[in-house]
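In what follows, chains carry the letters A, B, and so on, assigned in the order in which the sequence lines appear, proteins first and then strands, with residues in each chain numbered from 1. This one's a predicted model, so the numbers in the text were calculated from it and none came from an experiment.
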There are 2 protein chains.
Amino acid sequence: MAERCCPPPPDCCDMRGMLSFYILWVLSKKPMNGQEISEELGKRRGTKPTAGTIYPALKELRKKGLIEVERKGRTTSYTLTKSGKIAMEKACRYFCSAFGEIFHEYEEK
Amino acid sequence: MAERCCPPPPDCCDMRGMLSFYILWVLSKKPMNGQEISEELGKRRGTKPTAGTIYPALKELRKKGLIEVERKGRTTSYTLTKSGKIAMEKACRYFCSAFGEIFHEYEEK
DNA sequence: ATCCTATTATAGGACATCCAATAAATCAGA
DNA sequence: TCTGATTTATTGGATGTCCTATAATAGGAT
């Protein structure tokens with residue numbers, strides 16, 4: 001069911017990483033529960049993180065005060081806090097300056 | 001001495017990852033030795049990987065046949081193989097499609 | 001009440017990436 | 001030759017990300 005807008009990860013090298021950053025990124029769009037976050041990451045990165053991946057990461061982000069948690073019956077809604085929003089923007093600047101070159105050259109083709 | 005074209009990594013979330021991919025990327029520009037690769041990564045990502053990081057990664061890439069090694073006196077020159085070049089381009093496509101959205105929105109500001 | 005499903009969550013193991021510390025090999029210069 | 005600088009390389013430990021189980025919890029349907 002997941003619309004794929006991304007090829008699967010290559011096997012040449014490890015493309016893991018940036019999970020917490022990416023979670024902050026999708027949460028900056030709107031609050032979501034765990035399943036929705038997984039879905040969003042799946043659409044973007046080509047692989048959908050499983051429960052054993054996503055929940056420990058969310059727990060850590062909460063411990064750092066970057067996201068807030070609100071339980072609503074069966075689901076749990078995660079929201080960026082103010083400091084989470086600031087942190088995300090900073091991380092975003094770093095990410096784009098660290099990897100921008102690759103992206104720019106790719107776009108030129 | 002290292003020209004910095006990148007802010008230091010944020011402390012909000014872990015920005016590790018993509019090391020092997022980034023090594024393939026810089027080697028696609030020109031063959032380099034270990035120190036030069038470290039320097040190039042340092043300029044781009046804001047932190048320079050140490051020996052204990054870079055050499056195991058190079059060893060692994062060599063084992064996979066993605067890079068070639070030529071010892072020249074004191075230094076060792078690393079070069080992309082043909083299959084390394086192909087793998088790098090594939091990884092590049094994946095990377096850009098997985099993270100392109102973040103770049104695009106950042107560039108729009 | 002009882003089932004079924006969705007959702008959240010943890011445990012345990014694998015691996016890449018990171019560092020500091022240590023070492024060895026080579027070259028250049030005194 | 002000896003000394004110091006450069007470069008390569010390994011070790012050992014920490015952490016984040018990833019999976020496959022496994023489990024707990026809550027809501028809806030019968």
Would one find a side-chain N or O of [X] under 4.0 angstrom from OP1 or OP2 of [N]?
{"X": "A:Thr53", "N": "D:dT17", "value": "no"}
{"X": "A:Lys59", "N": "C:dT10", "value": "yes"}
{"X": "A:Thr47", "N": "D:dC18", "value": "no"}
{"X": "B:Thr50", "N": "C:dC18", "value": "no"}

Nearest-neighbour nucleotide for the [X] side chain, [options] considered:
{"X": "A:Ala51", "options": "D:dG16, C:dT10, C:dT7", "value": "C:dT10"}
{"X": "A:Arg71", "options": "D:dT6, C:dT17, D:dA26", "value": "D:dA26"}
{"X": "B:Pro56", "options": "D:dT8, C:dA16, D:dT10", "value": "D:dT10"}
{"X": "A:Arg16", "options": "D:dA9, D:dC18, C:dC18", "value": "D:dC18"}
{"X": "A:Asn33", "options": "C:dC18, C:dT8, D:dT10", "value": "C:dT8"}

Note to self: Return the OG1 to CE distance between A:Thr47 and A:Met15, rounded to the nearest 0.5 Å.
What the structure shows: 11.0 Å
Item checked: Distance, nearest 0.5 Å, that separates CG of B:Asn33 from CZ of B:Arg71 -> 10.0 Å
Over how many whole Å does the gap from [X] atom [atom1] to [N] atom [atom2] extend?
{"X": "B:Leu41", "N": "C:dC19", "atom1": "CG", "atom2": "C1'", "answer": "16 Å"}
{"X": "A:Glu60", "N": "C:dA9", "atom1": "CD", "atom2": "C1'", "answer": "15 Å"}
{"X": "B:Leu61", "N": "D:dA9", "atom1": "CG", "atom2": "C1'", "answer": "16 Å"}
{"X": "A:Gln35", "N": "C:dT7", "atom1": "CD", "atom2": "P", "answer": "5 Å"}
{"X": "A:Leu19", "N": "D:dC19", "atom1": "CG", "atom2": "C1'", "answer": "13 Å"}
{"X": "B:Tyr55", "N": "C:dA23", "atom1": "OH", "atom2": "C1'", "answer": "14 Å"}
{"X": "A:Ile54", "N": "C:dT8", "atom1": "CD1", "atom2": "P", "answer": "10 Å"}
{"X": "B:Glu39", "N": "D:dT8", "atom1": "CD", "atom2": "C1'", "answer": "15 Å"}

Notebook entry, point to check: So which one's nearest nucleotide on DNA chain C is more toward 5', A:Gly52 or A:Thr75?
Noted result: A:Thr75
Check: Taking the nucleotide of DNA chain C with the closest heavy atom to each, which residue, B:Arg74 or B:Met18, is nearer the 5' end?
Finding: B:Met18
Regarding [X], tell me which of base, sugar-phosphate or nothing describes its non-hydrogen contacts under 4.0 Å with the strands shown.
{"X": "A:Gly17", "value": "sugar-phosphate"}
{"X": "A:Tyr78", "value": "sugar-phosphate"}
{"X": "B:Thr76", "value": "sugar-phosphate"}
{"X": "B:Phe21", "value": "nothing"}

Note to self: Between A:Glu101 and B:Lys43 (salt bridge meaning N to carboxylate O under 4.0 Å), is one present in this structure?
What the structure shows: no
Note to self: Between the side chains of A:Glu40 and A:Lys48, is the shortest nitrogen-to-carboxylate-oxygen separation below 4.0 Å, so that they form an ion pair?
What the structure shows: no
Margin query: Parallel, tilted or perpendicular, judged at 30° and 60°: which one describes the rings of B:Phe95 and A:Phe95?
Written below: tilted
Check: Listed by chain and number, what are the side chain to side chain donor-acceptor pair (under 3.5 Å) partners of A:Lys82, not counting sequence neighbours?
Finding: none
